[in-house]
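Everything below concerns the one structure shown next.
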Amino acid sequence: LLSFSNYCVLFLVGHTLKNSGSFGACLVQASRSFHQSSQSLAPVPPLPEKGGKVRHGIFPEELFTLLYPKTGVTGPYMLGTGLLLYMLSKEIYVINHETFAAVSIGAVIIYGIKKFGPSVAAFADKINEDKVTEAQEVKDQAMGSLAQGIEDEKKEQWRVEGRHMLFDAKRNNVAMLLETNYRERLHMVTNEVKKRLDYQVELQNLHRRMEQEHMVNWVEQSVIKSITPQQEKESIAKCIADLKVLAKTTQAQATV
């Protein structure tokens with residue numbers, strides 16, 4: 001049979017482990033290690049930041065609320081008192097020197113918890129808050145980098161979508177350049193053909209003009225060769241007579 005000191009130590013250790021977050025985390029990790037099925041991948045509810053409510057330091061509030069509907073408000077206290085008296089009367093638990101040692105140890109532990117518990121809890125909360133702040137900063141940095149990566153990816157996708165329009169514009173520019181070169185060469189060919197045709201027209205006009213000049217010269221030379229000296233004298237005499245008649249006519253008109 002266990003002594004009262006052992007019962008107190010077990011209650012205190014259980015209460016301390018219940019209020020500590022590391023014990024809960026160990027239990028969750030242990031429960032995860034035992035479950036190897038697909039259910040182990042299910043989301044785990046977050047651990048509570050603070051322990052449940054207790055009465056008298058070690059008795060959970062759920063025990064009282066469980067007994068209230070059947071025993072009333074004083075039922076849990078009567079149950080505890082009756083259980084203690086039953087254990088003492090039946091000598092299930094015997095009071096000895098270990099009882100006083102357990103009471104002394106429990107009093108020291110309770111005093112230490114009441115005296116140093118708030119400062120230790122504040123220190124632990126501060127360490128926890130620092131860790132949470134650092135984790136949040138790392139998370140914010142990661143989220144910022146991921147958001148920037150998403151924006152860069154969207155911009156690259158937008159550029160890829162605009163690349164088709166850019167290629168279309170480049171193809172249109174190349175087609176316009178080819179059309180411009182074609183028309184320039186066509187204009188150049190037209191000018192060259194026109195120059196050659198103009199050259200042929202000028203050449204034909206030159207031949208026709210030279211033929212005409214040659215014909216006129218030939219006719220003049222033929223006419224001059226056909227005039228005899230006697231005809232030349234008669235022509236000169238006729239010209240002189242015509243000039244004299246013209247002079248007399250002019251003179252008469254001047255005197256009148």
Side-chain angles (χ1 to χ4, degrees), residues 14-54 60-62 65 117-211:
H15 174 63
T16 305
L17 293 177
K18 178 183 177 183
N19 292 331
S20 63
S22 60
F23 180 69
C26 293
L27 289 178
V28 172
Q29 186 67 28
S31 63
R32 288 183 181 177
S33 63
F34 285 115
H35 292 285
Q36 301 297 332
S37 63
S38 59
Q39 296 180 356
S40 61
L41 301 178
V44 179
L47 296 176
E49 296 183 1
K50 297 181 179 180
K53 295 178 64 177
V54 294
E61 182 69 22
E62 289 80 3
T65 57
S119 59
V120 173
F123 178 73
D125 291 338
K126 184 176 181 304
I127 294 176
N128 190 23
E129 289 177 358
D130 293 339
K131 290 182 179 180
V132 171
T133 303
E134 292 178 0
Q136 187 66 32
E137 291 178 355
V138 174
K139 178 182 176 181
D140 294 338
Q141 292 178 358
M143 292 293 290
S145 62
L146 292 175
Q148 185 64 32
I150 292 172
E151 292 296 330
D152 294 339
E153 181 64 23
K154 289 182 179 179
K155 187 180 292 184
E156 293 298 328
Q157 292 178 1
W158 174 75
R159 290 177 179 175
V160 170
E161 291 177 356
R163 185 174 60 185
H164 301 290
M165 295 186 289
L166 179 61
F167 286 164
D168 293 337
K170 287 184 177 181
R171 280 193 289 268
N172 292 331
N173 291 334
V174 172
M176 291 175 64
L177 289 174
L178 293 175
E179 183 68 20
T180 303
N181 291 332
Y182 169 73
R183 293 185 178 275
E184 287 179 354
R185 292 179 182 180
L186 186 62
H187 182 67
M188 182 179 64
V189 171
T190 304
N191 290 333
E192 293 295 329
V193 172
K194 185 177 180 298
K195 288 179 182 180
R196 292 179 183 275
L197 293 176
D198 292 339
Y199 172 74
Q200 295 296 329
V201 171
E202 292 295 332
L203 184 61
Q204 291 179 3
N205 292 333
L206 180 60
H207 287 168
R208 189 179 298 108
R209 188 170 57 253
M210 291 181 65
E211 289 176 355

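Note that the numbering runs from 1 along the sequence shown for the chain.
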Which distance, rounded to the nearest 0.5 Å, do you find between the [atom1] of [X] and the [atom2] of [Y]?
X: Lys139; Y: Gln136; atom1: NZ; atom2: CD; value: 5.5 Å
X: Ile150; Y: Gln157; atom1: CD1; atom2: CD; value: 10.5 Å
X: Thr190; Y: Leu186; atom1: OG1; atom2: CG; value: 4.5 Å

List in chain and number order the residues that pass side-chain hydrogen bond (donor to acceptor under 3.5 Å, both in side chains) with [X], two or more places apart in sequence or in another chain; answer none if no residue qualifies.
X: Asn173; result: none
X: Gln148; result: Asp152
X: His207; result: none
X: Asp130; result: Lys126

So, for Lys53 and Glu62, which heavy atoms are closest and what is the spacing to 0.1 Å?
-> O-OE1, 4.4 Å

Contacts of [X] that satisfy side-chain contact (heavy atoms from CB on, under 4.5 Å) - sequence neighbours left out:
X: Val193; value: Val189, Leu197
X: Arg183; value: Glu179
X: Ile127; value: Phe123, Lys131
X: Asn205; value: Val201, Arg208

Residues in salt bridge (Lys or Arg N to Asp or Glu O under 4.0 Å) with [X], at least two apart?
X: Lys155; value: none
X: Glu156; value: Arg159
X: Asp140; value: none
X: Arg171; value: Asp168

Report yes or no: does Asn128 contribute a side-chain atom to a donor-acceptor pair with the main-chain N or O of Ala124 at less than 3.5 Å?
->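 Not at all, since once roles are kept as given, no pair shorter than 3.5 Å links the two residues.
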
